[in-house]
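Written below as structure tokens is the structure these notes are about.
Reckoned from all heavy atoms, side chains included, excluding hydrogens, waters and symmetry mates. Just so you know, ligand 1 is whichever comes first in the structure, and atom 1 is the first atom listed for that ligand. Positions are given from 1 along the sequence.
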Amino acid sequence: MDEAVADEHRLGVVEDRVLGAYDPGHDGPTLVIIGGVHGNEPAGIIAFRTVLARLLAHRPEAFRGRLVGIAGNLGALNDPDRRTRYLDADLNRLMTPELLESDADLADLHEARALDAALRDARDRARGPMVVIDLHTVSSPSPPFVAMSDSLPSRAVARHFPLPVFLAFEEHLAGLVADHATTELGAVSMIIEGGQHDDPTSVEVLEAVIWTALHGAGSLPIGEGPDLRTDPREVLARAAGDRARRVYDIRHRYAIRTDDFAIEPGRGAFDRVKRGKTVVAREGGEPVIALMSGRLFMPNRQPVRRVGDDGYFIAVEVGRAWLRVSAWLRKRAWVHRALPRVLPGVRERAGHPGELVIAPEIAAVYRRQLFHLLGYRLVRSSPVPGWSRPRRIWRGAAAVLGSIASIVRGVGRGGERGALPEERPEDWVAARRTLDVLADRDRAG
Ligand SMILES: [Zn+2]
């Protein structure tokens with residue numbers, strides 16, 4: 001970043017968690033913009049301040065609802081060296097009900113509790129649906145992208161952004177701020193990464209994200225906003241290039257195991273990797289080889305990395321047809337009723353209506369994608385072995401035969417369908433997406 005730009009974008013001390021709000025008093029959606037969940041990523045806060053200043057200067061007639069900006073990790077943002085992602089623990093992994101309610105005494109956990117309180121306050125003041133957008137930047141050069149939980153209401157907001165979209169991030173990482181906003185507060189939420197930390201265009205991109213989000217949430221149509229030099233969607237489309245609107249399903253996460261993890265030189269976001277062939281990183285002097293084929297997602301080049309941090313992810317592009325079929329299937333109540341009856345190795349979860357328990361030996365055959373297609377999130381899962389297709393087919397056939405045999409044995413004993421078997425710790429658990437379930441309830445009246 002050159003001096004002049006650095007000066008213009010200097011953040012200064014962030015005093016209040018609530019960065020400001022614009023609310024001319026008409027009913028409508030609430031758009032919550034979160035910035036600085038990671039202390040070394042001030043771009044989102046700078047972008048929010050710019051948008052808020054423009055709204056206050058122009059006061060557009062057409063504005064409906066409320067825009068509010070919230071800072072994430074004040075302690076890390078105000079840390080004098082400005083390179084601190086977090087103090088003791090990553091705030092974007094701490095937002096689970098268990099941790100928030102625990103009496104653990106970590107600096108970042110106090111931040112998490114205060115952030116939760118600010119989000120709840122925004123929801124209590126809302127006079128319409130709430131959309132939460134958590135703005136970030138990344139450590140490697142990367143086009144901007146959206147990461148979100150794949151519910152139909154989230155898809156409806158995300159389609160306004162001409163950006164690539166990554167699904168199922170929350171399945172690999174517990175405690176994401178955005179996920180908390182959905183599962184605990186019922187808000188449509190997404191993470192938007194604006195580009196590399198120090199790249200001045202990241203601020204410009206995140207500003208365009210906020211204008212587009214106001215449009216997508218229904219607060220302010222782009223044509224009626226303060227006189228913008230260009231349609232903000234053009235800024236996003238340009239930054240995304242030929243990745244715009246492509247959709248990827250995240251299927252694998254590699255967690256850092258030692259303190260000498262390093263991404264292989266030349267490997268970047270969106271690069272193609274091949275199962276068993278591509279060396280993605282080096283760790284402990286050994287090559288780290290891709291366990292599946294797909295695209296490299298969020299390769300970790302942070303200057304400070306800790307054991308257990310994300311090393312990288314692998315994502316697979318899903319086509320329009322996949323998305324359409326998935327939207328159709330997940331809206332059908334009979335599909336959800338049928339799954340535990342027709343899929344071998346899958347049963348209802350005792351005491352949790354709408355959740356499924358999947359035997360791990362068959363889970364490796366179905367893999368994540370079947371459940372994603374049907375609108376389920378894996379709340380508990382394990383890495384699946386990188387089996388070849390014939391081996392998967394063979395294991396699948398064996399599982400089907402096994403389940404037929406157990407039905408026959410049950411009939412032989414003249415038994416009724418008995419109580420559900422005990423859940424084992426190695427079983428996978430899948431649950432429908434919170435917002436899909438809420439949307440079903442709305443439709444049912
Ligand atoms: Zn971040």
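- Here F313 and F166 keep their ring centres 6.0 angstrom or further from each other.
- For the ring pair (Phe, Tyr, Trp, His ring centres under 6.0 Å) with Y312, the qualifying choice from Y254, F270, F297 is Y254, the only one to do so.
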(Q) Using the rule given for side chain to side chain donor-acceptor pair (under 3.5 Å), can you reason through S149 versus R377, listing the C-alpha separation, both sets of side-chain angles and the distance that settles it, and then say yes or no? (A) CA-CA 8 Å; S149 162; R377 157 197 199 145; 5.1 Å; no

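- Residues that satisfy the ring pair (Phe, Tyr, Trp, His ring centres under 6.0 Å) test with H58, not counting sequence neighbours, are absent from this structure.
- The pair R85-D309 does not meet the salt-bridge criterion, since no charged nitrogen lies less than 4.0 angstrom from a carboxylate oxygen.
- Going from atom OH of Y248 over to atom CD of E317 covers 4.5 Å, rounded to the nearest 0.5 Å.
- Around the Zn ion (ligand 1), the protein atoms of type N, O or S that sit closer than 2.8 Å are H38 ND1, E41 OE1, E41 OE2, H136 ND1.
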